[in-house]
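Inspection log for the structure reproduced underneath, given as structure tokens.
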Amino acid sequence: MDKLMKSSDIRNITGLQPDEIKKKGQEPFEYWGPTPFEARKAAVAKEKGLHDKRTTLKEAVDKYIKDGMNLGIGGFVNTRVPVSIIHEIIRKGVKDLTLSFQSTSLCAELLAGAMIVDPDHVSIKRVELSWWGYEVIGIAPLFRYLVTNGMIQLDDYTNYGMSVRFKAAAMGIPFIPTRDHGGSDMELVNRGRMIECPFTKEDVYLVPACHPDVGIIHVPVADMYGNSRIFGAHCTCPEIAVAAAHTIVTTEQIIPTDNIRKYPNLTEIPYPAVDALIEQPFGGYPGACYGYYWFDMPEFQEFRGISDEFRKTGNKDKLKKYYDKYIFGCETFDDFLATRPYNKLKELRQMDGVQPILID
Amino acid sequence: MAEYGPFEMIAYTGSRVLEDETIVFVGTGLPIIASMHAQLTHAPNLNMIFEAGSLGAVLEQGLPLSVGDTRAFRKAVYAKGLCGAFELTQRGYADYAFIGGAQIDMHGNINSHFEGGTYSKPGVRFPGSGGAGAMAANCEKTIAIMALEKRRFVEKLDFVTSIGFGDGEPDYRRKAGVMGSGPYRVITNQALFGFDEETRRMMLLEVLPGKTAEDIQELVSFELLISPDLTDMKEPTDEDLRLLREECDPEGYFLKRKVAK
């Protein structure tokens, strides 16, 4: 036990098994992705000029997505979620992923379903997270299935904890103090630690920086260099994009750089953090994208329904059919969108209610 | 007196608990409805923070169905991301947290991680902390909305997700490094609870008209303290119900839900 380490009185009330609590003290700390030193090297190695980053989803995923990597998923639950990138990752196939996000629904469920359908094609090894579910639509059935069957390892934080772990990474620091997690069982099981603050002499909880190998982000608008504006919720997208060793961005719309230069304060992700950029309208569908479209609840319900049926019956047929038809059966995300009626997409645009955005 | 449903009673009680000139950190559903009702009645200068990063939104497009819903950013006065929302909270700008969970204990600690089995192989896994753990730590006062059932009001949690008063010792929260003062109210459709200042144990403050303290104790696994000033829960008037049904949740997404079983 190192002398900095402190503890709240959580042990007085915890219901966790003693051997589960012991694990934390025994296992040496390890970042589940690039270390701050490795992430710094990746940033330094990049060409820093303004270059056209536009490419296709296939090329971007082929180039950056590798087995064993930490994938940082942008958005928040059903909002501005990088669904088109997830489809492409599943088409390509990738194994032993570590996922990192604060709160997500469909993106992680799609990866989980791909693992259930064919673990030799896609597999998740562990997840650093705060929350995995569909909110008002219901629990995430595939998450529950994987966890209750002991098939993935978890590292639990609060939504602020995960967000600020990305922020610390984006700041280039190895950890950050927070005012949460302490006094909860997360203190006993996650990879943060309580110390005595050298200044106030009070207990303060530190969480480690989280650098994904690859961050995947969907934004409303960007210029061809990757300078991105985000309207509505920023979620934790600016932090993830800068924290990640490499970042793939999809955008509803590419705008001229002159517009970016006119209001540089509106740039939330600066170009050096973006390695690949894809103009993909409806790239967050069926999630919502402020200023463009509201979320498609029946679409979420459909995949969740198929997933929940699998969880209850163990029969993979419908799940497999979904992937065969909508992911493996499509060459591009546009092909997938083409399976959805135009009127439905048009209605989602109307349901956004013309949220004001500034693209000049 | 007009007829009202259990969710309407919870939303109305939530509204009563909120004071004017405050900021409330809301989750999806009933907390938003309670806050809207408060804004329309006794707390016109109450503002909401949504964890995806908005402050002071005007919910004119209808009820957000998700805390990240684009509608939760409509005409906001400030819009950032999760760090923005939680850092305002950590700094002391969020007076109330509205949270929920699967289990609560007598000191207001709440579980939203798992039930049964172990952490690495749980019987049932829930979505996880989400914002709740951070809100319970750093909003000034925590308000929990719970279903009043024995299996939810438990002696011992399977996992402590959202810090309450811990073991009830006076310095538990300080040693945990959190900033908020902790549990304030627990709202159910049949009872309103607070916490005793000395022991930091849950105390029955109000009961649904027609119910007794014994009726409520029957639905709770641990021993409740009973307030010497125990009163009936105030019931919503016709005008309150009109506001809830027509202004706050006209689609009936949350107020008209069927109660399980």
Side-chain angles (χ1 to χ4, degrees), chain A residues 8-10 12-17 20 76-79 102-103 129-133 135-136 139-140 143-144 147-148 150 153 156-161 163-164 167 179-186 189 194 202-205 232-239 288 290 294-295 297 352-353 355, chain B residues 28-29 51-54 61 65-74 79-84 86 89-90 105 107 109 113 117-134 137-138 156-163 166-167 169 172-179 253:
Chain A
S8 74
D9 288 331
I10 178 63
N12 295 349
I13 57 167
T14 187
L16 292 171
Q17 307 295 323
E20 288 206 297
F76 177 66
V77 192
N78 302 330
T79 287
Q102 9 83 355
S103 291
L129 83 166
S130 173
W131 197 90
W132 181 339
E135 232 179 324
V136 66
I139 61 122
F143 171 59
R144 181 169 288 181
V147 178
T148 52
Q153 189 187 352
D156 272 283
Y157 299 83
T158 67
N159 262 339
Y160 182 57
S163 297
V164 82
K167 183 172 188 168
R179 295 295 199 172
D180 51 3
H181 307 95
S184 82
D185 276 321
M186 287 180 279
V189 295
M194 188 75 87
E202 300 267 345
D203 291 356
V204 67
Y205 200 70
H234 290 171
C235 309
T236 314
C237 291
E239 291 90 345
Y290 186 98
W294 203 53
F295 65 95
M297 199 183 265
D352 172 68
Q355 300 284 20
Chain B
T28 320
E51 66 182 300
S54 80
Q61 290 177 299
L65 296 187
S66 154
V67 279
D69 194 328
T70 53
R71 294 171 170 186
F73 281 68
R74 186 73 158 193
K80 301 287 176 193
L82 280 84
C83 285
F86 285 112
T89 302
Q90 197 165 257
D105 69 14
H107 294 298
N109 305 293
H113 272 91
T118 62
Y119 172 67
S120 46
K121 204 170 174 197
V124 179
R125 169 74 200 208
F126 307 120
S129 163
N138 294 315
K156 194 173 180 68
L157 303 182
D158 289 355
F159 191 93
V160 180
T161 303
S162 299
I163 184 174
D167 56 8
E169 291 300 312
Y172 186 89
R173 290 181 64 90
R174 186 165 179 186
K175 279 186 79 175
V178 304
M179 299 297 275
Y253 270 116

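Convention: sequence-line order gives letters A, B, ...; per-chain numbering from 1. Fair warning: this is a prediction, and the values are worked out from it, not measured in the lab.
Proximity of B:L82 to A:Y160: side-chain heavy atoms (C-beta onward) are nowhere separated by under 4.5 Å. No side-chain heavy atom of B:Y119 sits less than 4.5 Å from a side-chain heavy atom of B:D158.
When heavy atoms are compared at a cutoff of 4.5 Å, B:S54 does not approach chain A at all. Both the backbone and the side chain of B:R71 come within contact range of chain A, judged by heavy atoms closer than 4.5 Å. Only the side chain of B:K156 has a heavy atom closer than 4.5 Å to any heavy atom of chain A. Within the 4.5 angstrom heavy-atom criterion, only backbone atoms of A:T14 (N, CA, C, O) approach chain B.
Interface check for chain B: of the options A:M186, A:E239, A:M194, the most heavy-atom pairs under 4.5 Å are formed by A:M186. Chain A forms more heavy-atom pairs under 4.5 Å with one residue of B:P122, B:S66, B:A134, B:G130 than with any other, namely B:G130. In terms of heavy-atom pairs under 4.5 Å with chain A, the best-connected choice from B:G128, B:P127, B:G84 is B:P127. Here A:D185 is the residue among A:D180, A:D185, A:T158 with the most heavy-atom pairs under 4.5 Å with chain B. Counting heavy-atom pairs closer than 4.5 Å to chain B, the top residue among A:G150, A:G232, A:G133 is A:G232. When the candidates A:C237, A:S163, A:G183 are compared by the number of heavy-atom contacts under 4.5 Å with chain B, A:G183 comes out ahead. Considering only heavy-atom pairs separated by less than 4.5 Å from chain B, the leading option among A:V147, A:N12, A:N78, A:V164 is A:V147. Comparing B:C83, B:A72, B:G133, B:S162 by heavy-atom pairs within less than 4.5 Å of chain A, the highest count is held by B:C83. Top candidate by heavy-atom pairs under 4.5 Å with chain B, chosen from A:G15, A:A233, A:S8, is A:A233.
Evaluation of the side-chain contact (heavy atoms from CB on, under 4.5 Å) rule for B:D105 yields B:H107, B:N109, B:L157 as partners, not counting sequence neighbours. Remark: A:F143 pairs with A:W132 by the ring pair (Phe, Tyr, Trp, His ring centres under 6.0 Å) rule, at least two apart or across chains.
A:Y157 and A:H181 have perpendicular rings, their planes meeting at more than 60° on a 0 to 90° scale where under 30° would count as parallel.
There is a side-chain donor-acceptor pair under 3.5 Å between A:E20 and B:S120. No side-chain donor-acceptor contact under 3.5 Å links B:T89 and B:N138. At a cut-off of 3.5 Å, with distance as the only test, no side-chain donor of A:Q17 or B:T118 sits close to an acceptor on the other residue.
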